[in-house]
Amino acid sequence: MSTTEYIKDRAYDLGFDLVRITSAEPFPEAEAALKERIAAGLMSGLDWFTAARAEVSCNPRALLPPARSVISLATFYLTDSPRDLTTSGDPHGRVSSYAWGDDYHDSIRARLEHLAAAIRTLAPPGDEKTILFVDTGRMVDRAVAQRAGLGWYGKNTLLLTKEWGSWVFLSEIVTSLELEPDQPLQTNCGQCELCLQACPTGAIIAPYVLDNRRCISYLTIELRGSIPHELRPLVGSHIFGCDICQEVCPVNHVAETRLHASGRFGARPRLEFQPRATVGSSPALIPLLALTEEEFRERFRRSPIKRAKRRGLLRNVCVALGNIGDPIAIPALAHALASHDEPLVRGHAAWGLGRIGGTEAHTALSTAAATDPDETVRAEARYALEMLATADRATE
Ligand code: B12
Ligand code: SF4
Ligand code: SF4
C-alpha cells in the first residue's frame, strides 16, 4: 500500500467522508477571485478578510515553507432528522442545518489531530511537518477541494460533491510529504440557475459571485450591528444562517435520494450533528427573547450559534417575529422594547412591532420613541411608527 493510500484509508477510518489530494502549488485563480471580490466591496463587513490574507491563504507554502501536498477532507453533516416545524402553533424560527448540533470546528479538529499524528509517523525524522485547517484557518477551502477533485464549484459558490452534495464541511492538512495528487473533476452546473432564482435577498448576484452583505448567513451570523431595513423583510424566519441555495439544488436532491436508498443517510454515526434538545432545527421564538446572558451561554455551549452572541441572536429573533407577523408575539416584543438591556435588541423589537402592527404595538412604539435613552432605539421606533402609518394609509 502506498503512503497516499494509507493516509486515505486512515482518513476514512477516522470518519471523514471524502478525501482527495492536491499539490501545495499556489492557487492563483482563487487569489485573483478573492482580491477582485474584496476590491468590489463584496466581502465588506468581514474586516478580517483582507487582500493580505488572501495572498497567504492561496499559497500553502506561505503557511508551511516545506509543504508539498494538501489533503482535502469533507465531512457530511446533514442529519436525517426532520425539521420540527411549528408543533404548538407559536412562532418558530429556522436554524441552518450545519448549526443544529455541536460546533463542527471542535469535532473535526479532533479527527484532524488524529490523522496528522498518523501522518507524522510516516515522515523522515526532522521532516514531519503538518498543519491543520478547519474553516477558520487561513486556507481557501473550496479552491483546495476543487483542485483535489473532491467536488466542483456550484453557482451558489459552494463546493458540490457527487456523493454528499454540498452538505459537507471542508478541512485540510498541509504536509511536507510528497503524495500522489488527484485530478479535478470535469463537472459543472450546466444550465441550472435554481439557486440564483431562489435566494430571497438576491445575494448571488451572478453565477459564482456572492455579495456577502446581502447573504442571510452574513446578516444573521457575522453582522454585529443593525440589519439594514430594506433586507429585514427578506430574512424571513431565519435566525441563524440560511440553507435555501442548498435546499433547492438538484445535485443535493440526487445525493440525498441516493443516500436514503442505500441506507447510508441514517447510518452515518453523526450524533454530534443531530439537532440538540436545547438548540433544535426550529426553536420557538418567544421564549428566546427572555434569555439572560448566562442562560444563552449555557444553552448554546459548544453550539455554532454562540458565534452570533446573545444580542445578535435576539436581534434576529425580533426580525423573524416581525416577518412571521403573529400578534401573539406583541407582548414579548413590547417587553423587549421597553426593558431589554441591549439597544440593538430594543431597536429590532421596535421593527418587529412595526411590522405586526395593532394598538398595543403602537402604544409601545410611541413610548419608546419619546423615552428610550438611546437615540438609535428612538430612531428605530420612529421608523416603525412610520411603517404603521404607511400600512394604515394603504388600507384606507
Ligand atoms: C467568508 C465565508 C462565508 C461568508 C462569505 C461566503 C462566500 N461565498 O465567500 C458568508 C458568511 C456569507 C458565508 C456563508 C455560508 N457559508 Co461560509 N465560509 C466563508 C469562509 C470562511 C471563506 C470563504 C471565502 O474564501 N470567500 C471568498 C470569496 C471571494 O469566494 P467566492 O466568491 O465564492 O470565490 C471562490 C469560488 O467561487 C471560486 N470562483 C471565483 N470565481 C469563479 C468563477 C468560476 C467560473 C468558477 C467555476 C469558480 C469561481 O474561486 C473562489 C475561491 O474558492 C469559508 C471557509 C474557508 N476558510 O474557506 C466558509 C465556507 C465557504 N462556508 C461554508 C458554509 C457551509 C456556509 C453556509 C452554507 C452556512 C449557512 N448555512 O448559513 C453559507 C453559504 C452561503 C453561500 N452561498 O456561499 C462552507 C462551505 C462548504 C461547501 N460545501 O462549499 C465553508 C467552506 C466552511 C467549511 N470549512 O466547511 N461563508
Ligand atoms: S445562504 Fe441564503 S441568502 Fe445566502 S446566498 Fe444562499 S440562499 Fe442566498
Ligand atoms: S442549484 Fe443549480 S446552479 Fe445552483 S449550485 Fe445547484 S446545480 Fe449549481
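Indexing begins at 1, ligand by ligand and atom by atom, following the structure's order.
Polar contact check, Leu46 against ligand 1: no nitrogen or oxygen pair lies under 3.5 Å apart. For ligand 1, the polar-atom distance check finds no N/O of Leu210 at less than 3.5 Å from any of the ligand's N/O atoms. In terms of polar-atom proximity, Tyr77 is not counted as a contact of ligand 1, lacking any N or O under 3.5 Å from an N or O of the ligand. For ligand 1, one of its N or O atoms has an N or O atom of Ser166 under 3.5 Å away. For ligand 1, the polar-atom distance check against Asp243 finds a nitrogen or oxygen pair separated by under 3.5 Å. Residue-to-ligand polar distances keep Glu222 apart from ligand 1: every N/O pair is separated by 3.5 Å or more. Considering backbone and side-chain atoms alike, Ser217 places an N or O below 3.5 Å from some N or O of ligand 1. The shortest N/O to N/O separation between Arg37 and ligand 1 falls below 3.5 Å. Polar contact check, Tyr104 against ligand 1: no nitrogen or oxygen pair lies under 3.5 Å apart.
At a 4.0 Å heavy-atom cut-off, ligand 2 touches Leu210 through the side chain alone. For Asn188, no heavy-atom contact with ligand 1 is shorter than 4.0 Å. Contacts of Leu159 with ligand 1, taken as heavy-atom pairs under 4.0 Å, involve both backbone and side chain. Using a 4.0 Å cut-off between heavy atoms, Leu158 contacts ligand 1 through both its backbone and its side chain. Only the backbone of Cys242 comes within contact range of ligand 1, with a heavy atom under 4.0 Å; no side-chain atom does. At a 4.0 Å heavy-atom cut-off, ligand 1 touches Gln246 through the side chain alone. Proximity of Trp152 to ligand 1, defined as any heavy-atom pair under 4.0 Å, is not found for any part of the residue.
Here Cys189 fails the criterion, with no N, O or S atom under 2.8 Å of atom 2 (Fe) of ligand 3.
Taking a cut-off of under 4.0 Å to the non-hydrogen atoms of Val168, the atoms of ligand 1 that pass are 81 (C), 82 (C), 83 (N). Per-residue contacts place Asn212 under 4.0 angstrom from the following atoms of ligand 1 (heavy atoms of the residue considered): 4 (C), 5 (C), 10 (C), 11 (C), 12 (C). Under a 4.0 Å criterion applied to the non-hydrogen atoms of Ile244, ligand 2 contributes the atoms 7 (S). Those atoms of ligand 1 with a heavy atom of Ala143 less than 4.0 angstrom away are 53 (O). Below 4.0 Å from some heavy atom of Phe169 lie the following atoms of ligand 1, by number and element: 90 (O). Taking every heavy atom of Tyr98 and a limit of under 4.0 angstrom, the matching atoms of ligand 1 come to 69 (C), 70 (C), 71 (N). Those atoms of ligand 2 that come under 4.0 Å of a heavy atom in Thr201, given as number and element, are 3 (S). Of all atoms in ligand 1, listed by their number and element, those nearer than 4.0 Å to a heavy atom of Met139 are 56 (C), 57 (N), 58 (O).
If you take CD on Glu380 and CG on Leu353, they are separated by 11.5 Å, rounding to the nearest 0.5 Å. Distance OG/Ser97 to CD/Glu247: 7.0 Å, rounded to 0.5 Å.
Residue contact annotation: Phe49 has a non-hydrogen atom under 4.0 Å from ligand 1. Heavy atoms of Arg138 come nearer than 4.0 angstrom to ligand 1 in no pair at all.
Between Glu55 and Lys35 there is a salt bridge, since a side-chain N of the basic residue sits under 4.0 Å from a carboxylate O of the acidic one. By the 4.0 Å N-to-carboxylate-O rule, Glu294 lies too far from Arg310 to be salt-bridged with it.
Paired with Phe273 under the rule ring pair (Phe, Tyr, Trp, His ring centres under 6.0 Å), one option of Phe169, Tyr104, Trp167 passes, and it is Phe169.
Scanning the protein for heavy atoms near atom 2 (Fe) of ligand 3, the closest one is Cys192 SG, 2.3 Å. For atom 4 (Fe) of ligand 3, the nearest non-hydrogen atom of the protein is Cys195 SG, 2.3 Å. In this structure, atom 6 (Fe) of ligand 2 lies nearest to the protein heavy atom Cys245 SG, 2.4 Å.
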Requested in this report: Could you please spell out the steps behind the ring pair (Phe, Tyr, Trp, His ring centres under 6.0 Å) verdict for Phe16 and Phe76?
Outcome: CA-CA 8 Å; Phe16 288 105; Phe76 180 61; over 10 Å; no
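Nearest to atom 3 (S) of ligand 2 by heavy atom, out of Ile204, Asp243, Ile216, is Ile216. The closest non-hydrogen atom to atom 8 (Fe) of ligand 2, taken over Cys199, Ala203, Ser96, comes from Cys199.
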